[in-house]
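A quick write-up on the structure given underneath.
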Amino acid sequence: MEHIVIIGNGIAGVTAARHIRKLSDKRITVVSAETDYFFSRTALMYVYMGHMKFKHTQPYENWFWKKNRIELVKGYVNTVDHQNKKLVLADGDSLAYDKLILATGSKPNKFGWPGQDLPGVQGLYSKQDLDQLEANTPDNKTCKRAVIVGGGLIGIEMAEMLRSRKIPVTFLVRETSFWNGVLPAGESAMINEHILEHHIDLKLATNLVEILADENGRAKAVTTDKGETIECSVVGLTAGVSPNINFLKDSGIELGRGIKVNRHLETNIKDIYAIGDCAEQHEGIGQRRPIEAVWYTGRMMGETVAQTICGNKIEYKPGHWFNSAKFLDLEYQTYGWVFSERNRKENEQHFHWRDDKEKICVTVAFDKETKQFLGVNTFGIRMRHEIFDRWLTEKRDVNHVMEYLKDANFDPEFYAQYEGKIVSKFNSEFGTSISPKKKSWKRIFSNA
Ligand SMILES: Cc1cc2nc3c(=O)[nH]c(=O)nc-3n(C[C@H](O)[C@H](O)[C@H](O)COP(=O)(O)OP(=O)(O)OC[C@H]3O[C@@H](n4cnc5c(N)ncnc54)[C@H](O)[C@@H]3O)c2cc1C
């Protein structure tokens, strides 16, 4: 019986395992060093904040794996020996495979800062990181201040976690405005305000220089390029992630920043595939980045590779870009492409609306010449994924989006509606006289 071995029990690896099982009788083994069972990494913050227990982050009961004949091995793979089709584990055991799927995820970036490996300095990625954060920051008496370095989505999650225990937080962000490599200026400015209002000491355009140790060798302060010394008990390093591939350096598998794969998620070595955060497309698909470190793309890649391995060779086609996240209590969604000033394409025009009272805003991107709708960002309003996906596929123009915007609104009944204000601002900016159509369930659920 063909033996499929998967390294990594994250969303990419376990999706591949589940789908291979659905499609075949192959022997499946999942090896992972982190935890016995798959858990939802995106929910780690809620464990720290006391909203759930760690076991609630495990989507499958422990018996699920045995019942589905998915063998689990807890261990770290040191070596992939593709000539002999075997893995060597850190404990010296070896494991033979017929086909190998690499789904080894990411690790937090470290940029060689002096003091980055001191006790009290940590990232936020793994279950071990969560345990360490719990030990480092049980309360605001033990941890008098934390400094977080790196203003991305994980940094702001870490800030929210620590603030939930009333731990003072200083947040060092290299950029002049929060996440402004991704968000357009108006949105980024709104997030700056939001962070400050949550009593997080946001320091923009500020770089970490060094982490200083106390007499016991534990982090006690950081220095910044603004000449400040900030005392703290804990330093969170959240300056992005990169593929977890160091153990593959001498394997013969082609590596770039990640593991190089083609559209079928095949590496340069026969019978070895890579999926999820660790995979790097030779060329990004459409405007997507070659490495996509998000949850749903890991799941899609897992489903795709399962088909290929089970004889139905298909390409990874993730469709229109979408994503969602939370900035403290502010929900963010994005569909299609809305680029920041830094990355904006020449033809890309933006319409931005922000409510004058609440932290709610929408940015719609469209083509300057053709008016084709390119994408939307929303903060504080929930929008319907399928509707925007449909409009992107149908290449609708921005006027159509404005006219039918109420169809896209996904907020629960009785929530305040903002489409009237949004469209009215659009009309006054672009000289149109669009009146938004009443929401139609028929339109929403029709595929026409
Ligand atoms: C705090 C946090 C919040 C996030 N929130 C979101 C969110 O809201 N939305 C979103 O889309 N994404 C979010 N992400 C990103 C998302 O979690 C990842 O994109 C996703 O988990 C990657 O899945 P994966 O299966 O590729 O890898 P991983 O989940 O990283 O799993 C890889 C596994 O392989 C193991 N492994 C690696 N090397 C070896 C080896 N040599 N031997 C054995 N085992 C090995 C690792 O220990 C790990 O357990 C978040 C990430 C973090 C850290």
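Both ligands and their constituent atoms are indexed starting at 1 by order of listing. Just so it is clear, the structure is predicted and the values come from calculations on it, not from any experiment.
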Is it true that a side-chain atom of [X] and a backbone atom of [Y] form a donor plus acceptor pair closer than 3.5 Å?
| X | Y | result |
| --- | --- | --- |
| Arg299 | Ala16 | no |
| Thr79 | Asp81 | no |
| Arg257 | Ile291 | no |
| Glu34 | Lys127 | yes |

In terms of residue, atom name and distance, what is the protein heavy atom nearest to [atom]?
| atom | value |
| --- | --- |
| atom 28 (P) of ligand 1 | Arg41 NH2, 3.4 Å |
| atom 49 (O) of ligand 1 | Glu34 OE1, 2.5 Å |
| atom 51 (C) of ligand 1 | Ile154 CD1, 4.1 Å |
| atom 32 (C) of ligand 1 | Ala103 O, 3.3 Å |

query = Under 6.0 Å from the six-membered ring centre of Tyr48 and within 45° of its axis: does the NZ or CZ of Arg165 meet both?
reply = yes
Lys NZ or Arg CZ of Lys99 over Tyr273 ring: under 6.0 Å, within 45° = no
Nearest heavy atom to [atom]: which of [options] does it belong to?
| atom | options | value |
| --- | --- | --- |
| atom 15 (C) of ligand 1 | Ala293, Pro243, Ala33 | Ala293 |
| atom 27 (O) of ligand 1 | Gly105, Ala90, Gly13 | Gly105 |
| atom 22 (C) of ligand 1 | Ile6, Leu130, Asp277 | Asp277 |
| atom 37 (C) of ligand 1 | Ile7, Val77, Val80, Thr104 | Thr104 |

Atom pair CD1 (Ile156) and CE (Met45), whose distance is rounded to the nearest 0.5 Å = 9.5 Å
Heteroatom proximity flag, [X] to ligand 1, N/O under 3.5 Å:
| X | value |
| --- | --- |
| Trp295 | yes |
| Thr42 | no |
| Ile11 | yes |
| Leu124 | no |
| Tyr125 | yes |

message = Parallel, tilted or perpendicular: which one describes the rings of Phe388 and Trp391, with boundaries at 30° and 60°?
response = perpendicular
key: Identified side chain to side chain contact (heavy atoms under 4.5 Å, CB included) counterpart of Ile387 within the set His385, Arg390, Met383   = Arg390
Quick check on contacts: which atoms of ligand 1 are under 4.0 angstrom from a heavy atom of [X]?
| X | value |
| --- | --- |
| Gly10 | 25 (O), 29 (O), 31 (O) |
| Gly8 | 33 (C), 34 (O) |
| Gly276 | 26 (O) |
| Glu157 | 1 (C), 2 (C), 3 (C), 5 (N) |

Heavy-atom contacts under 4.0 Å between [X] and ligand 1: side chain, backbone, both, or neither?
| X | value |
| --- | --- |
| Ser32 | both |
| Ala12 | both |
| Phe247 | side chain |
| Met45 | neither |
| Ser106 | backbone |

With ring centroids as reference points, do [X] and [Y] lie under 6.0 angstrom apart?
| X | Y | value |
| --- | --- | --- |
| Tyr60 | Tyr37 | no |
| Phe327 | Trp179 | yes |
| Phe171 | Phe178 | yes |

query = Hey, does Gly75 sit under 4.0 Å from ligand 1 if you only count heavy atoms?
reply = yes
task = Take every heavy atom of Gly298, measure it against each atom of ligand 1, and state whether any distance is under 4.0 Å.
result = no
ask   = Does a salt bridge link Glu61 with Lys67, judged by any charged N lying under 4.0 Å from a carboxylate O?
value = no
ask   = Is it true that Glu303 and Lys22 have a side-chain N and a carboxylate O under 4.0 angstrom from each other?
value = no
